[in-house]
Asks: 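I have a structure I would like to understand better, so I am pasting it below and will then ask my questions one at a time.
All residue numbers in this chain count up from 1 along the given sequence. Whatever order the structure lists them in is the order used to number ligands and atoms, beginning at 1.
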Amino acid sequence: MPRPLSATIHLDSMRHNLARARSCAPGSKIWGVVKANAYGHGLERGMRGFADADGLALIETENAVRLRELGWTRPVLLLEGIFEAADVALLGEYGFNSAVHCIEQVKMLEYTKLFSPIDVHLKMNTGMNRLGFKPDEYAAAYARLRAIPGIRNITLMTHFANADELEHPRLTVHEQVRRFQQGAQGLAGERSLSNSGGVLQQALLSAELSNDWVRPGIMLYGGTPGGKTAAEYKLRPTMTLASSIIGIQHLTAGDTVGYGSSFQATGPMTVGVVACGYADGYPRSAPHGTPVLVDGVRTTLVGRVSMDMMTVDLTPIPNARVGSKVVLWGDGLPIDDVAASAGTIGYELMCALAPRVRVLEGALGQLA
Ligand SMILES: *Cc1c(COP(=O)(O)O)cnc(C)c1O
């Protein structure tokens, strides 16, 4: 009997969320973002769940190669481009589309002979100040790429810092779009601007955003980048982390629970011990009060999360017993709620799913 903890991946929800992205950004082609092991869901599952995407985008060159080995024949985009000159050969060999964000990458492409034509995404830094050419350097970088014989299509790309908060006081999407349009003026090529936040706000931004391609990530996994809840955006959870109660303790007033005795009972209460801890990817930072489902009833975490276990208040579930079903996030409990309580974002929880957790597949709402 394996440990009762498992993560069930809902491929049906992944397909549903991709369809949601399509209806939010009608007419745009979609890069399904599968970096970080498809946000913890498994690269191969990302490929199957997003089989209808126009392309898949990721960071790791070795996983881009794996997509080809797994049989993905449509476009693949390397979101950070290549890391050294030797990677240029991969672009031609596997037909990868590569971001080009710095002059060093332009030089690698200039100095390495391309044996088959490649497509690139030229990245503009419109205020994120992570990767990309400044708007006033952009046309020159474009011209250098255009002069390389092996380069076919150049897509013009930028990335939003605050797509979930259109009126951000420091940097608005409108301002980033304005800088992008200024830097890209007169340059031929498709445009790629929006992450999930941009896709979800597309309706509000449609006058400004001419997105030939969009690059949703988190929304495809049923999380939100901020703004409204996943349910309000009609997104469905794609990962349910579930376990069982493996022990029960009856406390009296003054008893404490777990390391550091951070929780103390004020009266008689029952706590359940759940087989899930921070070594499974559950955040140790999650405080007392973080939501948990036991037998479908919402209750809370008590005490400190330890490596392999955590404890929950069973007061609202008097019939709970050893073997009772626990949902840590996913079906019936939005991952964003758990993340907010732990002071993080759904992205981090998904990506942190530990290798020791068994991963299963099953339709949403049909967990055993
Ligand atoms: C990760 C990433 C995305 C997807 O972002 P989400 O917020 O998950 O939608 C899009 N574009 C780039 C360049 C990225 O690195």
Asks: For atom 1 (C) of ligand 1, find the nearest protein heavy atom and state the residue, atom name and distance (0.1 Å precision).
Replies: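 Answer, as residue, atom name and distance: Lys35 NZ, 1.5 Å.
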Asks: Counting only nitrogen or oxygen atoms and a 3.5 angstrom limit, does Gly217 reach ligand 1?
Replies: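 Checking ligand 1 against Gly217, an N or O pair does fall under 3.5 Å apart.
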Asks: Can Thr126 and Thr158 be counted as having a side-chain donor-acceptor contact under 3.5 angstrom?
Replies: yes
Asks: Just checking, is any N or O donor in the side chain of Asn211 or Ser194 under 3.5 Å from an acceptor N or O on the other one?
Replies: yes
Asks: Determine whether the side chain, the backbone, both or neither of Ser196 has a heavy atom under 4.0 Å from any heavy atom of ligand 1.
Replies: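 It is both parts that get close, each with some atom under 4.0 Å.
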Asks: Return the orientation label for the Tyr221 and His41 ring planes: parallel under 30°, perpendicular over 60°, tilted otherwise.
Replies: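 The rings of Tyr221 and His41 sit tilted, inter-plane angle from 30° to 60°.
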Asks: Could you list which atoms of ligand 1 come closer than 4.0 Å to a heavy atom of Tyr39?
Replies: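 Heavy-atom distances to Tyr39 below 4.0 Å select 1 (C), 4 (C), 5 (O), 6 (P), 8 (O).
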Asks: Identify the protein heavy atom lying closest to atom 12 (C) of ligand 1, giving its residue, its atom name and the separation to 0.1 Å.
Replies: His159 CE1, 3.4 Å
Asks: Just to verify, what does Arg3 make a salt bridge (Lys or Arg N to Asp or Glu O under 4.0 Å) with, not counting sequence neighbours?
Replies: Asp280
Asks: Is there at least one pair of N or O atoms, one from Ile218 and one from ligand 1, spaced under 3.5 Å apart?
Replies: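 Between Ile218 and ligand 1 (N or O atoms, distance only) the closest approach is under 3.5 Å.
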Asks: Have Thr172 and Glu175 got a donor and an acceptor in their side chains that come within less than 3.5 Å?
Replies: no
Asks: Give a yes/no on ligand 1: does Tyr221 have at least one heavy atom closer than 4.0 angstrom to it?
Replies: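 Judged by the 4.0 Å heavy-atom criterion, Tyr221 does not count as contacting ligand 1.
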Asks: Using a 4.0 Å heavy-atom threshold (strictly under), name the region of Arg215 that reaches ligand 1: side chain, backbone, both or neither.
Replies: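 For Arg215, backbone and side-chain atoms both sit under 4.0 Å from ligand 1.
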Asks: Run the numbers for me: atoms of ligand 1, each under 4.0 Å from some heavy atom of Asn195, listed by number.
Replies: 5 (O), 9 (O), 10 (C)
Asks: Check for a donor-acceptor pair, side chain of Ser341 on one end and backbone N or O of Val338 on the other, with a separation under 3.5 Å.
Replies: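 No; judged by distance alone, with no hydrogens or angles, the pair does not exist.
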Asks: Which of the atoms in ligand 1, numbered in the order shown and given with their element, are less than 4.0 Å from a heavy-atom of Leu79?
Replies: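 Under 4.0 Å from Leu79, ligand 1 has these atoms: 12 (C), 13 (C), 14 (C), 15 (O).
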Asks: If you measure from each heavy atom of Tyr347 to ligand 1, is any distance below 4.0 Å?
Replies: yes
Asks: Tell me yes or no: between the side chains of His159 and Arg215, is some donor less than 3.5 Å from an acceptor?
Replies: yes
Asks: With a 3.5 Å cut-off and no angle check, do the side chains of His10 and Thr240 form a donor-acceptor pair?
Replies: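 Result is yes, a qualifying pair exists.
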